[in-house]
Amino acid sequence: MATDFYDINDLLTDDERLVRDNVRSLVSSKILPSIGKHFEEGTFPTELIAEFGRAGVLGANLPEEYECAGMSDIAYGLAMQELERGDSGIRSFCSVQGALCMYPIYAYGTEAQRRKYLPGMAKGEIIGCFGLTEPDFGSNPGGMLTRAERTNTGFKLNGTKRWITNGNLAHIAIIWAKLDGRIRGFIVPTNAPGFTAQKIERKFSLRASVTSELILEDVYVGEDALLPNVEGLKGPLGCLTQARYGIAWGVIGAAEACFECAVDYAKDRVQFSRPIAGYQLVQAKFAHILTEITKAQLVTYRLGQLKQAKKMTPQQVSLAKRNNVAMALETARTCRDVLGGNGITYEYPIGRHMLNLETVFTYEGTHDIHSLVLGQAITGIPAYDAPMPDPR
Amino acid sequence: MKILVPLKRTADPDNANKIKIAPGGAKVVTDGLEPKPNPFDEYAVESALRLTENGTNPKARLAGDSVVVATFGAKEASQTLRQALAMGADSGLLFEASDENLDGDLVARALAKVVEREKPDLVVMGKQAVDGDSNQVGQILAERLGWPSATFAMSIELSQDKKSVIVGREVDGGVIKLKLALPAVITVDLRIVAPKSITNHVTPQTHNYQEGARYAPLPMIMAAKKKPLAEAPFASLGVEGVKTSYVKFEAPPARKAGIKVKDVPELVQRLRAEAKAL
């Protein structure tokens with residue numbers, strides 16, 4: 001049984017329970033048997049992409065008229081939770097496809113763009129990646145250097161994007177670039193001349209996920225590549241709000257997987273006179289973890305209600321992302337500790353979750369940046385930047 | 001061909017070790033355990049779906065084929081039916097009843113009434129529910145209907161004319177194959193969900209199913225909301241009267257700790273003298 005100390009199951013609708021249980025079943029039967037090997041070898045399970053399409057987990061909360069599943073936001077969140085119970089890299093693949101690529105086409109695109117891309121993306125036949133971050137502009141995306149210029153037939157793009165999930169798998173990239181000084185979104189085919197993707201190797205985190213650098217050198221696209229209905233930083237930030245919502249749910253799955261594994265282990269592992277689960281220090285760790293998981297579950301459930309009522313603010317999403325990822329990372333580290341030496345092996349999933357969560361802690365708004373979002377929400381004073389003091 | 005699959009909800013069988021016995025042994029307490037479909041019934045749904053589809057396109061039943069799922073239980077048992085509908089079944093029937101007021105005989109009599117109304121060609125059901133482990137409803141139902149039955153099925157082959165089935169039953173030392181003229185009752189065992197356990201002469205011989213009961217894709221969960229699910233009181237079936245009652249429940253005795261032996265000779269000596277195994 002999954003960790004559910006406050007009987008949140010009781011708050012769910014039949015559909016939501018069915019979504020959770022069926023995605024859990026998908027993860028158990030299709031992902032868990034091979035994910036450890038993919039992580040160890042640093043490969044993405046491309047054989048699963050079609051399965052994700054069949055399962056309907058890609059863009060699951062977008063409408064059925066674009067051949068998406070049309071799930072409620074809470075059901076979508078539960079699907080992300082179950083995927084990340086498997087692996088953060090797998091959940092990341094689905095988040096990027098759904099929240100960062102399908103969502104902007106749906107929210108900012110033309111009807112023609114929606115019809116052209118969304119059904120194929122829901123099936124996993126067209127893979128997307130999201131090009132916002134640059135080598136020198138991570139937390140400060142507004143400073144991006146990537147430029148778009150108008151041409152007679154459309155646009156010419158130049159720039160470099162880095163830390164791009166799915167970059168080498170993608171058929172299309174949502175590229176954010178400055179056009180006449182304003183940030184705009186473009187749907188760029190990755191086989192366009194001048195577009196190159198380079199896989200970032202030698203990662204110790206999200207190893208079952210592809211991370212890339214994208215280089216655009218005089219990439220020409222047509223008028224129909226532009227996402228016409230948004231301008232400025234709120235375009236990419238709107239996508240990130242969707243993805244962070246999914247992350248806030250997802251990491252609970254990773255935390256539960258670590259916690260359940262550690263409890264089982266502690267009940268079996270005998271040291272001195274009894275199983276280590278019978279010692280106060282271990283019980284105190286478990287009491288803390290259960291409390292933190294339960295709080296995170298309640299935060300996300302309420303966040304889901306707000307999202308469904310169309311009342312959710314980006315600041316509320318920041319609180320949930322910041323809290324839940326930190327919770328999951330701390331949980332994974334503590335559970336690793338409970339497993340002792342076994343915790344560092346591939347025999348157990350905890351080490352993999354722990355390493356993955358280091359990335360999740362940083363991406364989609366670092367922990368510290370979300371602190372600043374909340375700081376501004378509390379005080380009304382933005383603390384992101386200020387003129388550097390004169391060193392003299 | 002129309003297949004009826006009766007379903008039962010049971011307290012989460014993955015956590016069966018968490019059940020408790022009420023003081024005095026009056027009943028089994030399953031508080032805090034989420035109700036889940038009886039696993040053998042899930043295998044029955046999977047079997048019925050495999051019999052009525054082309055495995056390469058599992059979204060649709062074959063022309064003229066349908067799968068009806070039915071349950072007797074609390075209103076919340078509709079979720080169990082929805083799961084079966086999301087897997088691919090066509091319609092559901094919920095007869096509201098309380099588990100305490102049912103026994104195997106009454107369930108079989110009530111199912112016979114459902115069969116009279118629905119007129120299926122085949123009833124496929126789990127060999128038993130994992131809570132009571134009674135293993136009798138399929139047998140009593142077949143007897144009441146006067147239909148042939150095969151229990152503990154590990155394979156089903158539907159004839160091309162859809163007038164009979166050949167059912168494989170795993171027994172000690174081999175497999176018994178029975179040919180049944182339809183209509184018939186089949187109760188299924190664990191191995192019925194092996195990759196090639198069901199043959200319907202439509203799904204290609206080369207097709208391998210995923211072992212186990214299928215998960216429901218999210219769009220199918222949404223589509224299942226629009227499938228017919230009729231609810232009626234159990235009394236509307238016109239059968240009543242429980243003939244068995246539970247006298248007492250007892251938890252299994254706690255296992256005694258084992259002993260450690262110092263060497264092989266001592267092990268052999270104890271196996272001979274105490275365990276009488278040699």
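For the numbers below, each heavy atom of this structure counts, side chains included, while hydrogens, waters and symmetry mates do not. A, B, ... follow the sequence lines: proteins, then strands. Residue 1 opens every chain.
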Enter the distance from [X]:[atom1] to [Y]:[atom2] here, rounded to the nearest 0.5 Å.
X       : Y       : atom1 : atom2 : value
S209(A) : F93(A)  : OG    : CZ    : 9.0 Å
M71(A)  : Y76(A)  : CE    : OH    : 12.0 Å
L190(B) : Y43(B)  : CG    : OH    : 5.0 Å
T203(B) : I198(B) : OG1   : CD1   : 10.0 Å
N38(B)  : T71(B)  : CG    : OG1   : 10.0 Å
C261(A) : E256(A) : SG    : CD    : 13.5 Å

Measure [X] against the heavy atoms of chain B and call it side chain, backbone, both or neither at under 4.5 Å.
X      : result
E64(A) : side chain
E16(A) : neither
D15(A) : both
D7(A)  : neither

Heavy-atom count check: over 12 atoms from other residues, nucleotides or ligands less than 6.0 Å from [X] [atom1]?
X       : atom1 : result
R191(B) : CZ    : no
E347(A) : CD    : no
E47(A)  : CD    : yes
K27(B)  : NZ    : no

What parts of [range] touch chain A if we use heavy atoms and a cut-off under 4.5 Å?
range                       : result
residues 225-234 of chain B : K225(B), K226(B)
residues 53-64 of chain B   : none
residues 75-86 of chain B   : S78(B), Q79(B), R82(B), Q83(B)

Donor-acceptor pair, distance only, cut-off 3.5 Å: does the side chain of [X] make one with the backbone of [Y]?
X      : Y       : answer
N22(A) : A216(B) : yes
S29(A) : S25(A)  : yes
S72(A) : A75(A)  : yes

Is the closest basic N to carboxylate O distance between [X] and [Y] below 4.0 Å?
X      : Y       : value
E34(B) : R9(B)   : no
E65(A) : R115(A) : yes
D12(B) : K36(B)  : no
E82(A) : R20(A)  : no

* Polar contact flag, side-chain donor to acceptor under 3.5 angstrom, N200(B)-R50(B) ->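 On atom types as modelled, these side chains do not qualify, holding no pair under 3.5 Å.
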* **Contacts with chain B made by residues 55-62 of chain A (heavy-atom distance under 4.5 Å), listed by residue number** =>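 Residues in range: A55(A), G56(A), V57(A), A60(A).
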